[in-house]
Every structure is written in structure tokens, then in C-alpha cells.
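Since the structure comes first, as C-alpha cells, the remarks are kept for the end.
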Amino acid sequence: MVLGLKDKASKVADLAQRRGFYWPSWEIYGGVAGFYDLGPLGKELKNKIMELWKKIMIHPLQRIVVEIETPMITPYKVLEASGHVENFTDPVVECKSCGRKFRADHLIEEVTGLKVEGLKPEDLTKIIKENNIRCPVCGGELGEVKPFLLLFQTQIGPYEGDRGFIRPETAQGAFVNFKRVYQLMREKLPFGIAQIGRVGRNEISPRQGLLRLREFTIAEIEFFIDPLNPGRPPLDYNAKIRLLPWELAKGGQKEPVEVTVKEALEKGWIMNEWMAYWMLKAKELLNLLGVSDEDQYFEEKSPEERAHYSSQTYDQLVKTERYGWMEVSGHAYRGDYDLRRHIQYSGKDLYAFRKFKEPKRVRVKVVRWNAKELGMRYKSKAKEIIEELKRKDPEVIERELYDKGYVEVAGERIEKGIVWIEEREDVITGEKFIPHVVEPSFGVERLLYVALEHALKEKDGRLILSIPKYLAPIQAVVFPLLEEEALINKAKEVWQMLLEEGLRVEYDEKGSIGRRYARYDEIGVPVAVTIDFQSLEDDTVTVRDRDTWEQIRVNINELPEVIRKIISMKK
RNA sequence: GCGGCGGUCGUCUAGCCUGGACUAGGAUGCCGGCCUUCCAAGCCGGUGAUCCCGGGUUCAAAUCCCGGCCGCCGCACCA
């Protein structure tokens, strides 16, 4: 293998395919861009990564962060409410001569100054024709405006009207369940709904292997807070964080700055303490996946780049060799956007309730009326009159009655005495409000790739997957030094014993010992146990470290504990 | 989607320009055997390639032409 000649991404892709981490889906039919299969090792590693994610994101706040699961197939109405049906489609127009594509609405606004947001593609096409707008690059003629919907569409059941989509994020499943989980959390904020699940986005041009997929796994938390009383996260204010806030970026700054969390909050670079908390957690997670601080930072998205629901978004970027800085997580302050929209579209009560410290006593003016009198005088019109009285501001009615002696509703003059204003004192114990949402969201396959790329090392022309030891899919391997019956028997005994200890262990007797070390270094097995002739005499074996290649000799009955210690996260 | 480059055993690659002896060669991996007392050792044997797919040109196509698919790089969108 000519290792030196290839870049790291190729080496990762090569290793992934050769040793069974991942490969393109539907390969024997030529493959389909944007879809990848996970092989045996890839699947195990991904499981480990998801476990780790839960350990970092959920476990420390387990009393207030809970995991749920909701369907991938999502009804039209839900994604209409979320704004995705509207916002996940771009009107695109193509130049007939050079083939370049443009956002049709942006192009028109630039050239004509007309506000055309929300217009239909046909109208946009018309405007382009009427104003003779041409390709801004080559001057060629432009074609029809077409919407490009990034959502995968399907149909639910046999009825064509029941349109469904594959969810582009798991978040909506959390929002629609807000009330139920709120009640399960005994109506206390803040709390978080975590979800790990597959999503689909019909990317125009997926590329870059595992990094841009049409179907992938998202791990996200919708963290609900009371904006007036967000609570305090267990936050280390002195922790350092690398940031490129928009405030600096728009002034031309390219490099992130390192600041304490305290500074970032004081300067308003991070708008909320919970945002800061999840960002720090994200940094910790990437550290544990083998990405150092220098190889990651957070970049704030400009207002134009942000998703339709967000008022602040930071992307967590990780350095990759070929693809440069790659987003592995997004941290969005979604405000009350999603719940507000779902309240609107579903008509359901998705409010939280905020109790006042002291019940408030307020004097309120209420409109009262003599229903019997109204009924007798206005007959069937009485109902309409009462409805209008209910809607009208009591202050206004009071003024009208005072000024004119009557109030005019539904075209009738209702005189003082039939309608009057009463003042009464109400005791208000609290108020309804829509919680705000802080959302950390991770692309799991990207984490997988990044972990692999950062783990891949070379030593003496050999590939070593120096993945953090607690992440290794296979934890240990047992070798007889030579293919001799006595050694083989002993080795199999040891292997069996380790299996019974619950460890994930392989056994291999084929090839020279060096070749076997190399085989398992390449897939990141942290511990190689070798049974040699001395083992037969004194029940000791050699334990070799994947990264240093150093060996120690341990007694067989200490072996499980030795291995456990090596692959443990606690150091 | 456009432009550029590419696609040959699991992997890396020779051959392609200049069509024919290519029954597609090598290396590595993998399997079996011999050997071997700790880092991809050696020897022998074996396995393994619809030459990305479809069509066309030709007596003859891995090779030339067209279309598609996939990949990489650049442009636009994103976790």
C-alpha cells in the first residue's frame, strides 16, 4: 500500500470500505449519491458514539432531560406549521446558456427592487420575462422558475390527499409532544427532550462521503426554558471557549477568539446561558471523540444564513484534512417560534404556566348586561350584540356610556342601564406563556467520520486507528504466539474467559504475530493479548498497547480487570 | 444542477493515446500448506475483475463515440 501518496480522507474511506466501517449504499446497482451503509465495525462504533452522546448530553441532567422517539414520516400539516414546507423550498432559475442556477426571488429583488418574497414560481417567471432579467454572469436567457423542495415527499396510506414527508429534523416530534412531556415533568421548566433518529433531506448535490448525506442520523435536544426565568445551568463560567461571533465576523474577522464563557455572555456573543452550556458540552463531546481544542471552534451564522426559526445560531466546526472546517453540530436559539406556530396551526394549548411569587390583585373592569332585556328588545339579534360586547374593550364602552349615554354595537344603540361597567378585583396567580427553546443538534455520521479521521495515524508505514480506547468497537484480541496446539488451546481458553466477562473480544491465530498486531491496530483494537510458551508455565500473558506497542506481563486472572482499566473513561 | 478530472480482482495499480496475441498482468490482502519463540519475515499453492452501466462504431472494444450512474475538485445549499 502506498500510504504516503493519499490524503487522509482517502485513507479513511479506503479503510472504512476494506475493514467494514462503511461503504456506498446500493453498490451493486451502481450506488446512489448521498446514501451510505454502515458495516459491522461502523455500526458498533456509531452505537458507541450515540452512547457517549447520551452520557455527555443527557446523563448529567437526567432529571430534566429525557429521551423520546417519534416517527420519521411526518404529516404535511406539521411541517407546514414548522415552516419547512414553505422554507425548505427554494425558487431556482437556471440560465439556458451557461447552466448556472440562481435564487429567482433574490435575483429579481436585486435587479428590480421589487419585494417578491412568497410569490409563486409562475409569477416570478412572469416578472423575469416582463423585466427582461437575464443571467447576471453571462447575460444568457433564463428559463422557468422552479421550486426545489428539500423535503422527501410521500403519501400516507392509499389516499393521495394525505401527503407526508420524511422529517428533515427530529425536533418537530419533540415540539408536538411538548405538553405531554411538560406534564410528565410535573409542569416545571426548564426541561429537555432528546431524540436520536434518522432524517431525510433531498440534497441537491450530496458529496463528501459520510459528511453530506440524504439520509442520516441526528441527535438533538429541544431544551425548553422560561425566558423570564431560564434557571441556571451548571455552567463553568471560567471555562474557555473558541468563538467567532458574527459581530466580529461581519467586521472581517476570520479567526476565532478564545474567551471565557463569562466574557462571551457579558459581551452578548452568546445570547443565553443555556446556549453556552450546550456549546460547552458539545466541545467536551468532541474532545472525548478525539478532537482537540485547537481543531474545533464555534462560528455564529449571519442573520441571512440562519434557519427560519432561529434568532441565534452557532455551528460547531471541526477541522478535517480535505474538507476544511466542517459543521458537526448546530446550536440554535429557536425562541418561541416552533411552539407558537404549532399553537396556531393545531389550535391546541401548548403554553406553560408561570406562577407569580405573590398572587396579583388587580382591579379589572368588566362589561355586564341585562340579557333578559336585550333578548326581549332585540330578539334574534341579541346574540350578535352580546358577542360584540364581549369583544369590545370595557374602557371604550365605559367612555361611550359616559359621553353619550348609550353604546353602539351591531348597529344598535344600547342604552346605559342595559349595559353597564362593573369593577371587580381579580386574584391572578400566574400567567401562560410560550417557552423558549435552545437546541443543540448533532450529525451523528459526521461525528463518526471526524472521530475516524482524527484517530487515523501512521507508524512505520502501518495504519493505526488510535481511536479513544473507550470508543473501540472491539476491545481486545487474543493471539497464540504461534500456531501450535498447546498455545492455541490456552489462547482459546483465555478468549472464552474474556467473553464470559462480557468483553467484546476477537481471537486470531492466522499469520505471523506482527501481521496480526497490524491487522488489529488498523481497526483500533486497544489491547492485544498474546499467549506464549511462558504462559503455559506460569499463567501469565503479554498485554500489548495499540499506540505505544509496549508490552506488560500480567497474570491471566488479572486480565479482565487490566483490560477494563485500559478501556475505561476514568483515568 | 453546471464545469473539470476520474471509474480495471477486497485494496492499490499496469494496459487505454496508437483497437487484435488481454485467456486482462503485477503488488497487496484473504484462504490452505511448510516454516517461524513478539511487530505487515520467507517459500509453495489457491482464491479473487459483469474492465461502473447501457447503447453505438468495427471483422474485432478495457481501449474509439454517445447517454446514464457513481466518485473527487470548483460554484450554490446544509447537521
Side-chain angles (χ1 to χ4, degrees), chain A residues 1-3 5-7 9-11 13-15 17-20 23-35 88 90 92 94-95 97-103 106 137-138 146 148 150 168-171 199 201-214 216-220 301 305 307 313 315-318 322-323 326-332 439-447 449-450 459-464 479-484 487 510-522 528 530-536 541-542 544 546 549-551:
Chain A
M1 210 181 305
V2 211
L3 292 174
L5 294 180
K6 300 202 297 180
D7 73 350
S10 307
K11 285 174 202 162
D14 178 83
L15 178 73
Q17 201 154 136
R18 221 159 23 79
R19 302 306 307 269
W23 52 76
S25 298
W26 325 120
E27 248 185 322
I28 65 168
Y29 290 99
V32 182
F35 297 92
F88 242 56
D90 291 341
V92 173
E94 188 175 348
C95 170
S97 63
C98 74
R100 267 175 255 262
K101 289 204 165 190
F102 306 94
R103 276 286 294 268
H106 290 182
V137 176
C138 77
K146 286 173 189 157
F148 185 77
L150 265 17
E169 55 173 7
T170 62
V199 300
R201 296 181 185 181
N202 204 1
E203 297 286 342
I204 297 168
S205 177
R207 228 177 265 171
Q208 305 174 337
L210 274 199
L211 295 179
R212 201 209 244 57
L213 298 172
R214 288 191 166 121
F216 59 101
T217 308
I218 268 185
E220 58 190 1
K301 294 219 155 189
E305 292 171 317
T313 298
D315 276 343
Q316 182 181 25
L317 304 181
V318 170
R322 187 195 288 172
Y323 309 109
M326 175 57 59
E327 302 93 325
V328 296
S329 77
H331 298 260
E439 177 202 73
S441 169
F442 296 76
V444 178
E445 286 79 2
R446 286 190 177 181
L447 297 178
Y449 176 82
V450 159
K459 188 169 179 178
D460 300 353
R462 288 159 43 166
L463 282 179
I464 319 280
F479 304 136
L481 181 61
L482 299 172
E483 253 184 295
E484 286 200 12
L487 293 176
K510 293 294 170 194
S512 74
I513 190 69
R515 177 184 303 271
R516 279 178 278 162
Y517 285 143
R519 265 208 287 262
Y520 292 86
D521 285 347
E522 199 180 53
T530 303
I531 280 72
D532 56 18
F533 292 97
Q534 193 185 329
S535 313
L536 301 176
V541 294
T542 63
R544 168 192 176 270
R546 176 194 68 197
W549 297 2
E550 276 163 15
Q551 292 183 320

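Only a predicted model underlies this, so the values are computations on that prediction, with no experimental measurement involved. Just so it is clear: chains get the letters A, B, ... in the order the sequence lines come, proteins before strands, and each one is counted from 1.
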Task: Whole-Å gap separating P (B:G29) and CD (A:Q17) - done: 19 Å

Open item on the list: In whole Å, I'd like the distance from the CD atom of A:Q208 to the P atom of B:C75.
Closed with: 11 Å

TODO: Could you measure between the two C1' atoms, the one in B:A49 and the one in B:U23, and give it in whole Å?
DONE: 13 Å

- [ ] List the steps and the verdict of side-chain contact (heavy atoms from CB on, under 4.5 Å) for A:F216 and A:R201.
- [x] CA-CA 9 Å; A:F216 59 101; A:R201 296 181 185 181; 3.9 Å; yes

Within the sub-3.5 Å range, which N or O atoms of nucleotides 51-54 of chain B have a protein N or O partner, and how far apart are they?
none

Open item on the list: At less than 4.0 Å, is any side-chain N or O atom of A:R322 found next to OP1 or OP2 of B:C73? Yes or no.
Closed with: yes

Open item on the list: Using a 4.0 Å heavy-atom cut-off, does A:Y323 contact any base of the nucleic acid, only the sugar-phosphate backbone, or nothing at all?
Closed with: sugar-phosphate

Task: Rounded P spacing from B:C43 to B:C59 in Å - done: 49 Å

TODO: Check side chain to side chain donor-acceptor pair (under 3.5 Å) between A:E445 and all other residues, then give those that pass, not counting sequence neighbours.
DONE: A:K46, A:T217

TODO: Would you mind classifying the nucleic acid contact of A:K301 as base, sugar-phosphate or nothing, using non-hydrogen atoms under 4.0 angstrom?
DONE: sugar-phosphate

- [ ] Provide the Watson-Crick or G-U wobble partner of B:A14, both distances under 3.5 Å; none if there is no partner.
- [x] none

Task: Residue-phosphate contact under 4.0 Å: A:K510 side-chain N/O, B:U36 OP1/OP2 - done: no

Open item on the list: Using the side chain to side chain donor-acceptor pair (under 3.5 Å) criterion, which residues pair with A:T313? Sequence neighbours excluded.
Closed with: A:S310

TODO: Using the P atom on both, measure B:C66 against B:G25 and round to a whole Å.
DONE: 30 Å

Task: Side chain A:Q551 and base B:C38 donor-acceptor under 3.5 Å - done: yes

Task: Length of the CD-P vector between A:E484 and B:U37, whole Å - done: 8 Å

- [ ] For B:A27 versus B:C9, give the span between their C1' atoms, rounded off to a whole number of Å.
- [x] 12 Å

Task: Integer angstrom distance from the C1' of B:C35 to that of B:G48 - done: 26 Å

Open item on the list: If you apply the rule side-chain hydrogen bond (donor to acceptor under 3.5 Å, both in side chains), what do you find for A:T530 with A:R516, and how did you get there?
Closed with: CA-CA 10 Å; A:T530 303; A:R516 279 178 278 162; over 6 Å; no

TODO: Please list, chain by chain and in numerical order, all residues satisfying salt bridge (charged side-chain N to carboxylate O under 4.0 Å, His left out) with A:R519, sequence neighbours excluded.
DONE: A:D508

Task: Residues which pass ring-ring contact (aromatic ring centres under 6.0 Å, His included) with A:Y517, listed by chain and number, not counting sequence neighbours - done: A:F479

TODO: Give A:G209 one of three labels, base, sugar-phosphate or nothing, depending on what nucleic acid heavy atoms sit under 4.0 Å from its own.
DONE: sugar-phosphate

Open item on the list: When both hydrogen-bonding distances must be under 3.5 Å and the geometry is Watson-Crick or G-U wobble, what is B:G48 paired with, if anything?
Closed with: none

TODO: Mind calculating the distance between CG (A:D315) and P (B:C77) to the nearest angstrom?
DONE: 14 Å

Open item on the list: Measuring from atom CZ of A:R212 to atom CZ of A:R446, what distance do you get when rounded to the nearest 0.5 angstrom?
Closed with: 6.5 Å

TODO: For A:D315, enumerate each residue passing the side chain to side chain donor-acceptor pair (under 3.5 Å) test, keeping only those at least two apart in sequence or located in another chain.
DONE: A:K301

Task: B:U11 OP1/OP2 closer than 4.0 Å to side-chain N/O of A:K11 - done: no

Open item on the list: Once you apply a heavy-atom cut-off of 4.0 Å, does A:F216 come out as touching a base, just sugar-phosphate, or nothing?
Closed with: base

- [ ] Considering just the side-chain nitrogens and oxygens of A:Q534, establish if one lies under 4.0 Å of OP1 or OP2 belonging to B:U37.
- [x] no

Open item on the list: Any donor-acceptor pair, under 3.5 Å, between the side chain of A:R544 and the base of B:C39, if you only look at N and O atoms?
Closed with: yes

Open item on the list: Donor-acceptor check, side chain of A:D532 to backbone of A:Q534, threshold 3.5 angstrom: yes or no?
Closed with: yes

TODO: Quick one: look up who B:C43 pairs with, Watson-Crick or G-U, both distances under 3.5 Å, and put none if it's unpaired.
DONE: B:G33

Open item on the list: Looking at A:T170, is its backbone amide N or carbonyl O close enough to the side chain of A:E220 to form a donor-acceptor pair, meaning the two atoms are under 3.5 Å apart?
Closed with: yes

- [ ] Identify the nucleotide, in any strand shown, that forms a Watson-Crick or G-U wobble pair with B:A62, with both distances under 3.5 Å; if there is none, say none.
- [x] none

- [ ] Could you check whether A:T542 gets within reach of a base, just the sugar-phosphate, or nothing at all, counting any heavy atom under 4.0 Å?
- [x] base

Task: Partner nucleotide of B:C22 by Watson-Crick or wobble geometry (both distances under 3.5 Å) - done: none

Open item on the list: Taking B:C73 as the reference, what is the distance to B:U57 when you measure between their C1' atoms (whole Å, please)?
Closed with: 33 Å

- [ ] Assign each of A:A518 and A:F442 to its nearest nucleotide of RNA chain B by heavy atoms, then name whichever residue's nucleotide is nearer the 5' end.
- [x] A:A518

Open item on the list: The criterion is salt bridge (charged side-chain N to carboxylate O under 4.0 Å, His left out); which residues satisfy it with A:R515, sequence neighbours excluded?
Closed with: none

- [ ] Could you please name the partner base of B:G1, counting Watson-Crick and G-U wobble pairs only when both distances are under 3.5 Å?
- [x] B:C75

What nitrogen or oxygen pairs link the protein and nucleotides 41-45 of chain B at under 3.5 Å?
{"residue": "B:A41", "atom": "OP1", "partner": "A:R515", "partner atom": "NH2", "Å": "2.7"}
{"residue": "B:A41", "atom": "OP2", "partner": "A:S512", "partner atom": "OG", "Å": "2.5"}

Task: Paired nucleotide for B:G6 [Watson-Crick or G-U wobble; both distances under 3.5 Å] - done: B:C70

Task: Rounded distance (Å) that lies between atom C1' of B:G10 and atom CZ of A:R19 - done: 11 Å

Task: Distance, rounded to the nearest Å, where A:L487 contributes CG and B:C38 contributes C1' - done: 12 Å

- [ ] Have a look at A:L482 and say if it touches a base, only the backbone sugar-phosphate, or nothing, with a 4.0 Å heavy-atom cut-off.
- [x] base

Task: Side-chain donor/acceptor contact of A:R519 with base of B:C30 under 3.5 Å - done: no

TODO: In whole angstrom, give the distance that lies between atom CD of A:E169 and atom C1' of B:A79.
DONE: 11 Å

Open item on the list: Work out how far the P atom of B:U18 is from that of B:A24, and round it to whole angstrom.
Closed with: 24 Å

Task: For A:K459, all residues meeting side chain to side chain donor-acceptor pair (under 3.5 Å), sequence neighbours excluded - done: none

Task: Euclidean distance, atom CD of residue A:E483 to atom C1' of B:G33 [Å, nearest integer] - done: 10 Å

Task: Euclidean distance for P, B:G55 against B:A60 (whole angstrom) - done: 15 Å

- [ ] Identify whether any heavy atom of A:L213 sits under 4.0 Å from a base atom; if not, whether one sits that close to sugar-phosphate; answer base, sugar-phosphate or nothing.
- [x] base

Task: Touch class at under 4.0 angstrom, heavy-atom based, for A:V32 against every strand present - done: sugar-phosphate

Open item on the list: Reading RNA chain B from 5' onward, which residue's closest nucleotide shows up sooner: A:Y29 or A:S329?
Closed with: A:Y29

Open item on the list: If we ignore hydrogens and angles and just use 3.5 Å, is the side chain of A:R546 paired with the main-chain N or O of A:D521 as donor and acceptor?
Closed with: no

